[in-house]
Structure formats: C-alpha cells, structure tokens
Amino acid sequence: MELQRAPAHRELYESHFLCPVKFKANQNALVFSKADTELPFVTYNADLLATIAPQLEAELKQQLAEKNLREQVKGILKRLLAGQRPDIHHVARELHVSPRTLQRHLTEDGATFQQLMEEARRELARHYLLHSSLELNETAYLLGYEDARGGK
C-alpha cells in the first residue's frame with residue numbers, strides 16, 4: 001500500500017491491510033501480486049455492486065471526457081475511418097463544435113488535423129496487421145484508402 005499522506009497510524013494500516021505501508025508516495029495505490037489476482041473474490045456483494053456501479057460508470061465517463069483533444073480526435077477518426085474518408089467537418093460534428101473551432105483548438109495544441117489523421121491511420125494499421133487476418137487491400141480500405149498503394 002502506498003499513501004500520499006504523512007506517516008501516521010502505520011500499525012493500524014498494516015494490521016488492517018496485512019501489508020507494509022509506504023507513506024509520502026507520489027500517489028495513493030494498492031499493489032497486488034499476480035498470485036493475489038488469482039484468488040477468489042470472497043466478499044462479492046451484488047447489492048453493494050448495484051449501489052456503487054452507477055458512480056463507477058459516471059467516473060469512467062468523466063475520465064473519458066477528460067481525454068485530451070488529440071486523443072478524442074484520433075478516437076473519432078479511428079471509428080469513422082472504416083471505408084470512409086472523414087474530414088474535419090465529420091469530426092467537428094462528433095465533438096459538437098464548428099470545424100473552425102476544432103481547427104483553432106488543434107492549432108493551440110500544436111497539432112494539425114492531417115497529422116492526427118495520419119497518426120490514427122498508423123495506429124489502426126499496426127492494430128490490423130498485428131491482430132487480424134485481413135488482406136492488405138482490406139486493411140487499406142479500412143484505413144480510408146482505395147488500394148494498398150495508398151491511393152485516395
């Protein structure tokens with residue numbers, strides 16, 4: 001266990017969690033060994049899960065919303081690229097902003113739409129080539145190209 005707080009009540013924490021405690025850590029963390037993850041979860045409680053699940057979902061949604069603009073744009077491009085040629089208008093519509101506003105924010109972030117398009121294609125290409133049995137022409141099509149030579 002790692003805690004950001006100053007050392008206090010070490011014995012209490014160590015006896016409760018049955019592990020050593022590190023204070024003044026960079027972040028609060030519980031670190032489990034691989035063997036721990038293979039043990040049965042004996043305290044499963046369906047009622048408790050039903051109570052906290054909406055909060056967990058809301059936190060996940062918030063974390064996704066806090067992704068930086070570059071990652072949001074690349075995520076949208078990856079989704080839209082399958083057999084299409086999305087442009088800045090498509091992405092702006094998904095983000096509920098004008099193309100001009102999107103371009104301005106990208107420029108402020110030191111990126112261009114074309115640069116993010118290329119990064120999204122590269123990341124998708126790597127994924128398709130490593131994790132699928134698609135033919136090269138099929139992969140090219142899913143990346144928004146007419147053929148494997150990269151024609152548009």
task = Kindly indicate, with the supporting measurements, whether the criterion salt bridge (charged side-chain N to carboxylate O under 4.0 Å, His left out) is fulfilled by Glu123 and Arg126.
result = CA-CA 5 Å; Glu123 290 170 14; Arg126 179 176 289 125; over 6 Å; no
query = Can Leu95 and Gln72 be said to form a side-chain contact (heavy atoms from CB on, under 4.5 Å), step by step?
reply = CA-CA 8 Å; Leu95 291 170; Gln72 287 182 33; 3.3 Å; yes
inquiry  = Quick one, Leu69 with Leu102, criterion side-chain contact (heavy atoms from CB on, under 4.5 Å). Give me CA distance, side-chain angles, the key distance, then yes/no.
reply    = CA-CA 9 Å; Leu69 181 62; Leu102 176 57; 4.1 Å; yes
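Looking at Arg5, its side chain never comes within 3.5 Å of a backbone N or O of Phe23 through a donor-acceptor pair. Formation of a donor-acceptor pair under 3.5 Å by the Glu94 side chain with backbone atoms of Ile76 is not found in this model. Put simply, the side chain of Gln115 gets close to the backbone of Thr112: a donor and an acceptor are under 3.5 Å apart. Side chain of Thr101 to main chain of Val97: no donor-acceptor pair is present (N/O by atom type, distance under 3.5 Å, no hydrogens or angles). A donor-acceptor pair under 3.5 Å is formed between the side chain of Asp87 and the backbone N or O of His89.
Met117 is listed as a side-chain neighbour of Pro86, based on a closest heavy-atom distance under 4.5 Å. Between Lys24 and Pro7, some side-chain heavy-atom pair lies under the 4.5 Å cut-off.
Taking CD1 from Ile88 and CZ from Arg100, the interatomic distance works out to 11.5 Å, rounded to the nearest 0.5 Å. Rounding to the nearest 0.5 Å places CD of Glu14 at 13.5 Å from NE2 of His9. Here the CD atom belonging to Gln27 is positioned 11.0 Å from the CG atom belonging to Leu3, to the nearest 0.5 angstrom. Rounded to the nearest 0.5 Å, atoms CD (Gln103) and CD (Glu108) are 10.5 Å apart. To the nearest 0.5 Å, atoms CG (Leu124) and CZ (Arg79) are separated by 12.0 Å. How far SG of Cys19 is from CD of Glu2: 10.0 Å, rounded to the nearest 0.5 Å.
Using a 4.0 Å cut-off between charged nitrogen and carboxylate oxygen, Glu118 and Arg121 do not count as a salt-bridge pair.
The minimum heavy-atom distance linking Asp109 with Arg70 is given by the pair OD2-CG, 2.9 Å.
In this structure, Val21 is a member of the same hydrophobic cluster as Leu30, with clusters built from ILVMFWY side-chain heavy atoms closer than 4.5 Å.
Surrounding CG of Asn28 are more than 12 heavy atoms belonging to other residues, nucleotides or ligands, all under 6.0 Å away.
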